[in-house]
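So the structure is just underneath, and the comments pick up after that.
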Amino acid sequence: MKLFTKKFAGQSILSWIFQLALIYVAWQVSTHAMANNMTTITIAAVLLLAIYWSFSLDRRSRNNK
């Protein structure tokens, strides 16, 4: 877990993973490889919440130091 909290370009690696996953989902929808339905929207919403959560953890760890 310590690996995911390491900083890269001001963000934790976990934040980058969530952002890349969201980009991947958006890319799949734009190329019609993934359907644009409620399941895809739910996946995108969960990824957005995970990104905000990881940003919150980044800010909290930065304030504790």
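Leu48 and Val29 fall within a single hydrophobic cluster, where Ile, Leu, Val, Met, Phe, Trp and Tyr side chains are chained together by heavy-atom contacts under 4.5 Å. Both Trp53 and Phe55 belong to a common hydrophobic cluster when Ile, Leu, Val, Met, Phe, Trp and Tyr are linked at side-chain heavy-atom distances under 4.5 angstrom.
Annotation: side chain of Asn36 is in contact with side chain of Ile41 (closest heavy-atom distance under 4.5 Å).
Across Ile51, Leu49, Ile23, a single residue satisfies side chain to side chain contact (heavy atoms under 4.5 Å, CB included) together with Phe18, and that is Ile51.
Remark: the backbone N or O of Met38 is paired with a side-chain donor or acceptor of Thr42 at under 3.5 angstrom.
When all heavy atoms of Val25 and Leu47 are compared, the closest pair comes out as CG2-CD1, 4.0 Å.
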